[in-house]
Amino acid sequence: MQRFLKVMLLLGIIFSLLIFPLQAAGTIKIGAIFPITGPIATFGISSANGVKMAFEEVNAKGGVLGSKIELILEDDQYKAEEVANAAKKLIERDKVVAILGEVASSMSLVLAPICQASKVVMITPTSTNPRVTLVGDYIFRACFIDDFQGTVMANFVYKTLKLKTSAILVAVTSDYSKGLAQFYKEAYTKLGGKIVVEESYSEGDSDFRAQLTKIKAAKPEFVYLPGYYSDIGPILLQARELGITVPFGGGDGWDSPKLLETAGKAAEGCYFSNHYSPESKDLKVQTFVKNYKKKFGETPDALAALSYDAAMLLVEAIKRAGSSESSKIRDALVSFTKDKPFRGVTGSIYFDQNRNPIKSAVIIEIKGGKQVYKATVKP
Amino acid sequence: MRILEVSNLSCAFGGLMAVANLDFYVEEKEILGIIGPNGAGKTTVFNLITGFYPPLRGEIIFKGKNIERLKPYEITRLGIARTFQNPRLFKQLTVMDNVRIAMHKVHNVHILDTLLRGSKFLEEEKIQEEKAREILEFFHLYERRDEIAQNLPYGEQRRLEIARAMATNPILLLLDEPAAGMNPYEAKELINLISYIRDKFNITIILIEHHMEVVMEICERIIVLDYGMKIAEGKPEEIRNNPKVIEAYLGREEESVIS
Amino acid sequence: MKRNYLLLILIIIFLVYLGRLARGLNPYFYQILVFWGINSILAMSLNLINGFAGQFSIGHAGFMAVGGYFSSALSVYHGERFISLLNFLPLNIAQIVVFFVFLLLGGLFSAILGLIVGIPTLRLKGDYLAIATLGFGEIVRVTILNLDIVGGPRGFPGIPQRTDLSWVIFWFIICLLVIRNIIFSSHGRAIISIREDEIASETMGINTTFYKVLAFIIGAFFAGIAGGLFAHYLMMLHPSSFTFFRSVEILLMIVLGGMGSITGSILGAFILTVLPEALRGFTYLRLVIYSIILIGIMLLRPQGIMGGKEFSPLIIKKIYARVKENENTRSK
Amino acid sequence: MENVIQQILNGISLGSIYALIALGYTMVYGILRLINFAHGDIYMMGAFLGYFALGLWNFSFPIGLLFAMGGAAVLGIIIERFAYRPLRLAPRISLLITAIGVSFLLENLMVLWVGASPRPFPQKIPLQIYFIGDIVVTNRQIIIVLVSITLMFLLQFIVLKTKVGKAMRAVSFDKETALMMGIDIDKVISLTFAIGSSLAAAAGVLVGLYFNKIDPYMGVMPGLKAFVAAVLGGIGIIPGAMLGGFILGIAEVLVSAFISSTVRDAVAFVILILILLIRPSGILGKYMREKV
């Protein structure tokens, strides 16, 4: 019995520690929720890195509005209930002014209603589902929505590369991948191209030979593969093994040094759409890539760049608002316009009426083990 | 009246005949002994009667009803109770609960009544407890009612097993080596108990036993099994002098049985 | 007897009302209470299968998912229609009625699935049953991943928020009462006897298949209810909430609390709801510490915290009586 | 038709990996009656050990493979010694939970240490592709199948022909009697973990070679499926684990090729449940009637 009481006492202490906030005055608190463990941890960690770096840079320059930014990073393990817990904790216990997150649209759809209900600004760096920002006027995003990238790639493949048949290999577990594939297909068939075969895989799979064997049999001239780099590498390798020699292509999910590391020669001659080219002469891009490499020892991927931008966007909005009140930040965010946009690493951003960013895309070719700039497409 | 009649019963395990063309019967209120060397198929006969093994062929008729295709719990509900060679008590539960579980079939309240704790439920629970008390008192276990079964001394565990079997309200009781592991004094006590149960509850008993003393003293009739076949049948004194039986035991250099 | 029911109903109403009052609490705290309640329902219902009936099942997340998705699909696709059918009632009452019915249907659907799965698989024993139920859970998850009508791998958004602490408390009490009333009855002893020794239990005239399946169905029903509460609280369902690890987590709750102890389940649910939250400050180290604590508890107290005993007012009375007795003997 | 043959060839490569992991499960289960949920993560650790040996220290492939196997063996022994042995007398479910805890711990430690993003595996063996008609076979697939089969035969030899193997069989049959026969049970259990873990590590290295992608969570699904394979073939039976592994590998590949890759993860479990309903002890398992 005594032991039982001890246990209860211990639990009581833990619980009370949990509810009483630890107040640190004089900082602006910003929350971030990413899946830094679990099945898509690799995206979560990249995103978290981008955010961390952004705030460190801001703080090194003296912070914003005279106060430092305190980043409170939460892990959600890619689970809906964890997102809800983390969000409530950030809002109610830590009293953050804004939240950055989540990576996946499905999780952002859990996060958005909570932020909207508490009137806390939320910027998702990478969730592409249009539904996310439709939740309410406090919800923003930093990435393209799917129609743009899909259409851009379809145009490029049909008009510039002049390839008239293509296959689609889509990650069914991902909103992003499905969205891109759908708009690619629509645009491509409208132009007169033909989709010869559609196959699917689940994110995190490692054996794609079954699907690739079927694609090979259909003999397409191009394979559209709108997935994330963690799967693309093995897919390309296995495709080449099976003797598929045609080019592959995808969206900004391809942008990662990991892709070239894993795929190596298999990625030669492939194309993807992205926000920026690392070759870009833009000083912003150059310093970002350089600093990121220095800090984390690797070239940033698109997720890191987007979340870096999302964080910087937030800081810029706080600056413009002259206040760290959530409603004022929100107003500042919508006040960016075509002429006075936010200039970030991933391009110049301003928002449409649904708080989706309007920005241009570039097409990148993988050539000689490097990403080579090919074309820019304006919205 | 024959309460149980077994005819042409056979059972095989992977080609080995454990019980072969066995015929026997039990009269009402009789105490029948089954003896035989180790591996003769005695326990298998019990398992066949209680429905744990499906017979290869043959019939088992209990009170005029074929039971060889019934499930064990259905057979128990018809009135056949048994004990096991190694006690199979509900080890983590109290003595009282052990007996009450056995009364499950007798006192069954509808599940809805149970959920709502209706008056019928409370009444039945009370009756059940009362009856369990009677049985425990009869077996001198009432003082031990709150003990965990596995903490009882071995002799009491065996007694509890019989008490539990009796709580199912049987007509026919199958006892599988109830005296195993007992000293002569305890065995003597057991003999008294078994005859007493028979007289008090008016039931029929089949007994598997190695202790010849026990068998010879309380069984009215004995059948002898060897290699799954019946090799002898008769009154204790007939069996004692049957040369086939002696050969079956001694021929195989078994432990000395006739102590 | 009648007065007893009245008292019980009054207590339930009071506790549910307490849930309404709790809205004034810090929303984070409130949310933890909600999840504790839901987890308790899950743990108690799994405990009926694992701890009391002794049937090693690790597919509870599957039942939770089934109930959650089913009631959510009803809410999303038919909710408005049913509420408008009840237009003679005030809107909020109509919502409550419809939610209650949908939740119940979700639980029943899950229970029916429990019946279909239970009858064949419960013939298996021990680890074979465990792996079969694990397989069932995975099959449910993969099926959901392939059901486009509930969003498949992209999650199922747009579920109305109906669950609040009052609902959770209400179902928590129902679950607690049902399981307690079963366990402390002739039926319950039959269920427990299966855990102790299935063969002996059968010999006692107990239809073990029936009781195993019964425990399984009741467990599945409450898991389905818990899933529905969960869905209508989060407003969004995603298959990643119902992986094998979810089942393991529920199993952990009952093992930590002690197998075969209802109060233990509630305690275990508390620990596994609060511990991850308490560790939030560690961000990257969080799960490492979590797993070390887990292993530590198992090594130090393998039989669980309650070790199969119940913590109830009765025990306090007993201890009190014993203390009294000691005093008396000493004074003599 | 060629497509089917191609898919079956792919399935055999995948199946031999499942089989290697399943062997460790089956051995540990046979001896401790423990579903060692951490086994999938030992497979992952093996892959990473191979990664370090081949990538960082530039060992040749066979040496790297042996290094990974040895390292994993040590890891297996350590886990058994500190997490499982103290619980040998505890309820089995606590042991199971501990195994799950160890599995969590290994995964999360690795996420902390090497990060969660998938890494390319050092391609020590240059790829060669052979065409037989339209069917493609790579030298890596051949290596995988050959190495797995060699290891399986080696294991069979150890278990059936050596003194150690005899001791292992004795312990799995009846621990107490084995103890009375003077067998050092602790040692035998340690050895079982060592052998099982090294086989899993071999599978990890081969998978790295085959899929060219390793990450800290790579062991979760294959771990579960390999356990399914072990149960499928009859748990505790070594040829059963191999059979189960191959069946599962081929079935999965065929399903993702001809039905849909999204239902692939369910296939293993559907097959498992069906087989258990027909043969409750697995394909090669002898159905033991419970002794009454």
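Throughout, a chain's letter reflects where its sequence line sits, starting with A, and its residues are numbered from 1. Any value given below was found using the heavy atoms of this structure, including those in side chains, with hydrogens, waters and symmetry copies removed. Just so we're clear, the structure is a prediction, and the values are computed from it rather than from any experiment.
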Around atom CZ of D/F258, are there more than 12 heavy atoms from other residues, nucleotides or ligands closer than 6.0 Å?
yes
Against chain C, label D/L95 side chain, backbone, both or neither, depending on which of its atoms sit under 4.5 Å from a heavy atom there.
neither
Applying ring-ring contact (aromatic ring centres under 6.0 Å, His included) to D/Y18 and D/F246, what does each step give before you reach the verdict?
CA-CA 7 Å; D/Y18 284 152; D/F246 283 115; over 10 Å; no
Can you tell which part of D/L109 gets under 4.5 Å to a heavy atom of chain C, answering side chain, backbone, both or neither?
both
Heavy-atom cut-off 4.5 Å, strictly under: side chain, backbone, both or neither for C/V288 against chain D?
both
Ranked by heavy-atom pairs below 4.5 Å to chain D, first place among C/L145, C/I297, C/L134, C/L285 goes to C/L134
Which atoms of D/M110 approach chain C - backbone, side chain, both or neither, heavy atom under 4.5 Å:
neither
Quick one: which of C/L294, C/L287, C/I289 has the most heavy-atom pairs under 4.5 Å with chain D, could you say?
C/L287
Region of C/R286 in contact with chain D, defined by heavy-atom distances below 4.5 Å:
neither
Please find out if less than 6.0 Å separates the ring center of D/W113 from that of D/F52.
yes
Using a cut-off of under 4.5 Å for heavy-atom pairs, which of D/L96, D/L106, D/V111, D/I97 has the most such pairs with chain C?
D/I97
Separation of D/M45 CE from D/Y51 OH (nearest 0.5 Å)
14.0 Å
Whatever's closer than 4.5 Å to a heavy atom in chain C on D/L112 counts as side chain
Part of D/Y84 lying under 4.5 Å from any heavy atom of chain C
neither
Counting only heavy atoms closer than 4.5 Å, note whether D/L272 contacts chain C via side chain, backbone, both or neither.
side chain
Nearest-0.5 Å distance, OH of residue D/Y43 to NE2 of residue D/H39:
10.5 Å
Strictly by modelled atom types, are C/D127 and D/Y29 linked by a side-chain donor-acceptor pair under 3.5 Å?
yes
Heavy-atom cut-off 4.5 Å, strictly under: side chain, backbone, both or neither for D/I273 against chain C?
side chain
Winner by heavy-atom pair count (cut-off under 4.5 Å) against chain D, out of C/L252, C/T143, C/L256
C/L252
Evaluate D/R169 against D/D174 for salt bridge (Lys or Arg N to Asp or Glu O under 4.0 Å), listing each step before the verdict.
CA-CA 9 Å; D/R169 279 184 291 151; D/D174 186 336; over 6 Å; no
Can you list the steps and then say if D/L232 with D/I271 is a side-chain contact (heavy atoms from CB on, under 4.5 Å)?
CA-CA 8 Å; D/L232 208 61; D/I271 295 178; 3.8 Å; yes
Specify whether C/F109 and C/F70 have parallel, tilted or perpendicular ring planes, treating 30° as the upper limit for parallel and 60° as the lower limit for perpendicular.
parallel
What part of D/R33 gets within 4.5 angstrom of chain C, counting heavy atoms only: side chain, backbone, both, or neither?
backbone
